[in-house]
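All figures in this text were calculated on a predicted structure; none of them were measured in a lab.
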Number of protein chains: 2
Amino acid sequence: MASSDPVYLRVVDDLRRQIVNGSLAPGAVVPSRAQLTRRYGVGETAARHALRVLTTEGLIFGRVGSGHYVRERATLVPLHRSRFHDHHAPLAADLHSQGRRVSWVWRVERVRATPELADRLRLPEYAPIVRTRHIYRSNGKPVQLTWSYEPAELAEGQPVPAEGTDSRKSVVARMAAVGLNVTDIVETVRTRVPEPAEIDALDLCAGVHILHLERTHHAGSRPLETSDTVVPGDAFHLVYTLRP
Amino acid sequence: MASSDPVYLRVVDDLRRQIVNGSLAPGAVVPSRAQLTRRYGVGETAARHALRVLTTEGLIFGRVGSGHYVRERATLVPLHRSRFHDHHAPLAADLHSQGRRVSWVWRVERVRATPELADRLRLPEYAPIVRTRHIYRSNGKPVQLTWSYEPAELAEGQPVPAEGTDSRKSVVARMAAVGLNVTDIVETVRTRVPEPAEIDALDLCAGVHILHLERTHHAGSRPLETSDTVVPGDAFHLVYTLRP
DNA sequence: GGGCGCAAGTTGGAGCTCCAACTTTGACCC
DNA sequence: GGGTCAAAGTTGGAGCTCCAACTTGCGCCC
């Protein structure tokens, strides 16, 4: 019976139960503030609080003027992080293999290494580097943001491709072209709250976390390229294939 | 100057800015409700709302009777998911290699496969399986929860170890003992909101997401074991080493 | 039958208030 | 000096209200 102390939690717990057990199906309308106050005999504040909690939990969403609805959990799309290393746009290759179309734009800039980037690329601080920005879209919707960085000296010998949506070779291929062999790739994964700019760029709704991937290509112990990738946590899951 | 339309956002944005740029250092007290109403000339509701938003963002936390404080972001502890496959407690081995001590408890049960588990282990529904529960602690604090499942027929030939904190061999080693070679391990990573039981078991504070790892050991295409692991997203990041 | 417009319902922002439970601080007393 | 206690401040729960902006559905009129 465990009637949790705070009143609003009674409402939250009951609605959450209904959502997870399916009696409130995805797309269904959630009782409105007015209805909740009557049904549960609570005040406006508690009803409102309950709806807000469920919203930040990502279980429901509100449409002003209309009502709250149960979020449909789009089944997470797998990103195969152990594959497509030799592709110029791994995400596109991966999703394409699953029957999805992806478009992207990118641009290249010459900048100087921040302390953190200098550390990641094992360069002196303020060393010149080449920064590439990728924005991937699936059906027009932005799904992945990537910053990629490589030492300017390595980018030097390579053909500078036109910006925009043209093809560009993979890191592995580009490095091979200047005689460097990528021997291993180290990728770290974390989850965090998106920054305002990321919420904007990825068109995220309230409460959605992101997966932040930091990937570095090495030749032996020498870092050749490092990148930061951000994908919405409610749309993707990552797949790694490992050998014991 | 982009003074965001809603008043509370002005407060949120300003406080967030101060936190990320460091003028509100970790551990520092955040202005109280009363102070916010005066400083920003807003009402109680807006001040309260602003503090709640920053709390669910994980930037601050409130201590009743005392005040709100800037959360110190413990640097994320790396979990090396590509290593320690042959260790009976990969997490412990990993953290131990980083100079941390980890303790754990576990218990084994015989249950029947749910549809989802049957699918993951390629077994008929309701097939008998052996379920193992692990709870890992670091300095007494729970840091990882794992459910592990394997077909009962595979667990059969193996010695049943005493429950508790004793050692148990790794999946790879145990399977090798019955003549099965683990050829590859597939791991998926997603982030999500913790379930109430997980909040409880991991002692999570508001707004913290978790990383959910689903790992399956295969011999060829035959699944030998599958597991679900949950770690707090504000304490760990995952590290994968890949080869191109 | 089809289109228009209004009324009712809904969200989200914002304001105010009361209170229990707790921490902190400072003053006072021994 | 050290310990105790009360006052002040703080969070978090809960209640009520007003309002702008929006959606929706019903009824009415052409």
Nucleotide N/O of nucleotides 15-17 of chain C paired with protein N/O under 3.5 Å:
{"unit_1": "dG15(C)", "atom_1": "OP1", "unit_2": "G43(B)", "atom_2": "N", "d": "3.3"}
{"unit_1": "dG15(C)", "atom_1": "OP2", "unit_2": "G43(B)", "atom_2": "N", "d": "2.8"}
{"unit_1": "dG15(C)", "atom_1": "N7", "unit_2": "T45(B)", "atom_2": "OG1", "d": "2.3"}

Check your understanding: R63(A) side chain N/O closer than 4.0 Å to the phosphate oxygens (OP1, OP2) of dT24(D)?
Key -> yes
Tabulated below should be each protein N or O lying under 3.5 Å from an N or O of nucleotides 3-9 of chain D; please produce it.
{"unit_1": "dG9(D)", "atom_1": "N2", "unit_2": "G65(B)", "atom_2": "O", "d": "2.6"}

**Study point:** From T114(B) atom OG1 to E125(B) atom CD, the distance as rounded to the nearest 0.5 Å
**Key:**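 Going from OG1 on T114(B) over to CD on E125(B), the span is 8.0 Å.
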**Study point:** Electrostatic pair R215(B):E225(B) at N-O distance under 4.0 angstrom
**Key:** no
How many Å lie between [atom1] on [X] and [atom2] on [N], as a whole number?
X      : N       : atom1 : atom2 : result
Y69(B) : dT23(C) : OH    : P     : 10 Å
R10(B) : dG13(C) : CZ    : C1'   : 14 Å
R52(A) : dG13(C) : CZ    : P     : 7 Å
H49(A) : dG12(C) : NE2   : P     : 15 Å
D5(B)  : dA20(D) : CG    : P     : 14 Å
L51(A) : dT10(C) : CG    : P     : 12 Å
Y40(B) : dG13(C) : OH    : C1'   : 19 Å

Exercise for review: Flag yes if more than 12 heavy atoms outside N139(A) fall under 6.0 Å of its CG atom; otherwise flag no.
Suggested key: no
Could you go through residues 58-76 of chain B and list every donor-acceptor pair under 3.5 Å that involves a side-chain atom there, pairing it with any protein atom two or more places apart or in another chain?
{"unit_1": "S66(B)", "atom_1": "OG", "unit_2": "Y69(B)", "atom_2": "OH", "d": "2.3"}
{"unit_1": "R71(B)", "atom_1": "NH2", "unit_2": "D234(B)", "atom_2": "OD2", "d": "3.4"}

Less than 3.5 Å apart, any donor N or O on the side chain of [X] or [Y] sitting next to an acceptor on the other?
X       : Y       : result
T146(A) : Q144(A) : yes
Y149(A) : D228(A) : no
S148(A) : S227(A) : no
T226(A) : R120(A) : yes

Practice item. Report the C-alpha distance between R16(B) and E57(B) in whole Å, list the side-chain angles of each, state the deciding distance to 0.1 Å, and finish with yes or no for salt bridge (Lys or Arg N to Asp or Glu O under 4.0 Å). Key: CA-CA 10 Å; R16(B) 197 194 290 112; E57(B) 276 185 17; 2.9 Å; yes
